[in-house]
Engineer: 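Encoded as structure tokens, here's the structure I'll be asking about.
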Amino acid sequence: MSKKQFQTEVHRLLHLIIHSLYSHKEIFLRELISNSSDALDKLKYLTLTDESYKGINFEPRIDISFNQAEKTLTISDTGIGMDNTELEENLGTIARSGTRNFVQSMTGDERRDSNLIGQFGVGFYSAFMVADKVEVVSRKAGTDIAFKWTSDGKESYEIEEAQRDTQGTTVHMFLNDEGEEYASRWSIQGIIRKYSNHVPFPIYLHFEETKYEGEEKDKKEVKEQKVEQINSASAIWKRSKSELKEEDYLEFYRQISYDVEDPMLYMHTQAEGTLDYSTLFYIPAVAPVDLFRADYKAGVKLYVKRVFITDDEKELMPTYLRFVRGVIDSEDLPLNVSREILQQNKVMAKIKSSSVKKILSELESLKNRDREKYNLFWKQFGVPMKEGLYQDFENRDKLLDLAMYKTSGKEGYTTLAEYCERMTPEQGGIYYITGGKENVLRNSPLLEMYKNKNIEVLILDDEIDEIVISAVPKFKDHELKSVNRSDAAESLKTDDDREREKKIEPLIKKIKEKLGDRVKDVVASTRLKDSPSCIVADENDPTVQMQNLLKAMGQAGSMPEFKPVLEINPDHEIITKLENAGDDAVVEDISLLLLEQAMLVEGMELKDPNAFVSRLNRVVNRSL
Ligand code: ADP
């Protein structure tokens, strides 16, 4: 037997792990299972590729047993194993370059170092969070002697010869007060299901079950030893696509989503090359209930090398894709990657960006392949997808291809590309109307001229459209123009329109005088047919609906008061009569009423409803 001192770095690392990862101490089991799984992976590879290992009796498995009374926990595998030098190198020094880098970058400032540790695998040493003594008995595959490594995780360790029947490694832990709780069937099962369910080797739990035998009078307690496999042992996303059936995918979806309905779409990617990762994503058929809650639950789980890392990381997907369910499994991230690290990690950023592209391109092909199904998708998830238009600049073009809107041109939804196919060469842009329910928009006076000229207008009736669309200047080469704005109609003016404009200039001057600073401007309208007036927003101001929305979001305070532009219809009977009205008081009343009725139609509040009503009554009275 020989007693050896830990490398100073190991000593420091041990101290740090025990103190900084204390609140997640259950991860020790994940780390040990992951080591066993790696050891099984290595031996599996050798038995498949190396002649000298082909004779080995390789039955890959991980066994866990415990003794509550003695406070021990044992994890055993039939993997590659370690000889005495390897035990010393692997468990006595810091051999791994990753950890060495970490130890070198340790500052001694405990707070900073605890944050740093997330970047590196903490591995085997985490056992000392829950044990005050650990024995590792290991026999390297292809050799016939075993060695035992023992330590209390403080200053030193010992290595001696030992006995082990097969190749592999057994980690025997003497649990401390913090670790006592893990000598229990239920807590082990819980942790394994949570973190290691998809480790691709069977994990067996050994436990004792108490039974009662014999007659009621002299019932005897009988203890029975039982062994049960406690993980599903299959990482479906790691299996080759050709061997998976649709039912396999659906079953896994049920497991991770608890959704009773089958998903609308699933997509399985296995990337190799500069980055090794697999993803399996699902689009649910029905929107999750918390879709519009700020505290929605993240739908994508992160695995590293088939080991579960987290299901509580919203950064794995952009928020507009928060309805996506599934798994990301990376071969390149460290097991103990922390949230802070994930958010800045280049590997993660690349996986995320390819994942988003993959999802969007699958949706694009669904749209082209099965429009009916895509309509259902858009009904469920159109609103979050539109959030993407202002969140995800990089993919805006793709998102614009996916977007669908209602339109004055036809029933149902249209894509922007389809709209463009129908548009006339002269119309010079894509027109849309916002601010209100579908039927209000369809009947808005603002649409009158467009109907007349046979120009299709998109009906943007979702509350979010207003904000989103103003961030989208163009689709391909076509400008998007809001009919709620003063400049939209400008390009459509004919000489005839300009003629009429001229004609009512004197009246406009009069109305401007009467309305004073209630309006930004008064202009002749080219868009009205049946209504005498309407209000629009000046080209640089937020539209009326946008102002209402900002108000509803509590952001009105910081906003200057925007004044509308009043448009009047030169062809309307009221306007022509008004041109000839001599009574100044009447002109004033009618001017104000033209403004007020237009505001009411747009859903605005009147500042002084009493004054409005008296005005209305004066006019009514005069006409009787
Ligand atoms: P990591 O697993 O991140 O490399 P660890 O500290 O957990 O770091 O383990 C250090 C090394 O010890 C491993 O890289 C591996 O070579 C060896 N090792 C640990 N556990 C086992 C095991 N169960 N079987 C074989 N080798 C092991």
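We count ligands from 1, going down the list as the structure has it; atoms in each ligand are counted the same way. Below, all heavy atoms of this structure are taken into account, side chains as well, without hydrogens, waters or symmetry copies. From a predicted model like this one, the values you see are computed outputs, not experimental measurements.
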Engineer: If I compare all heavy atoms of Leu333 with all of Leu342, which pair ends up nearest, and what's the gap?
Structural biologist: CD1-CD2, 4.2 Å
Engineer: For ligand 1, find out whether one of its N or O atoms is nearer than 3.5 Å to an N or O atom of Asp38.
Structural biologist: no
Engineer: N/O to N/O below 3.5 Å, does that happen between Asp77 and ligand 1?
Structural biologist: yes
Engineer: According to side chain to side chain contact (heavy atoms under 4.5 Å, CB included), who are the partners of Asp332, at least two apart in sequence or on a separate chain?
Structural biologist: Leu275, Asp276, Ser330, Val347
Engineer: Using a 4.0 Å cut-off to any heavy atom of Ala39, which atoms of ligand 1 qualify?
Structural biologist: 24 (N), 25 (C)
Engineer: For residues 148-157, please give each side-chain donor-acceptor pair under 3.5 Å, one per line with the distance, not counting sequence neighbours.
Structural biologist:
| unit_1 | atom_1 | unit_2 | atom_2 | d |
| --- | --- | --- | --- | --- |
| Ser151 | OG | Gly153 | N | 2.8 |
| Ser151 | OG | Ser156 | O | 2.8 |
| Asp152 | OD1 | Lys154 | N | 3.0 |

Engineer: How about Tyr374 and Phe377: are their ring centres within less than 6.0 Å of each other?
Structural biologist: yes
Engineer: Going by the atom numbers of ligand 1, which of them fall below 4.0 Å from some non-hydrogen atom of Met82?
Structural biologist: 17 (C), 18 (N), 21 (C), 25 (C), 26 (N), 27 (C)
Engineer: Classify the ring geometry between His172 and Phe174 as parallel (under 30°), tilted (30 to 60°) or perpendicular (over 60°).
Structural biologist: perpendicular
Engineer: List every atom of ligand 1 that sits less than 4.0 Å from any heavy atom of Thr169, numbering the atoms from 1 in the order shown and giving each element.
Structural biologist: 22 (C), 23 (N), 24 (N), 25 (C)
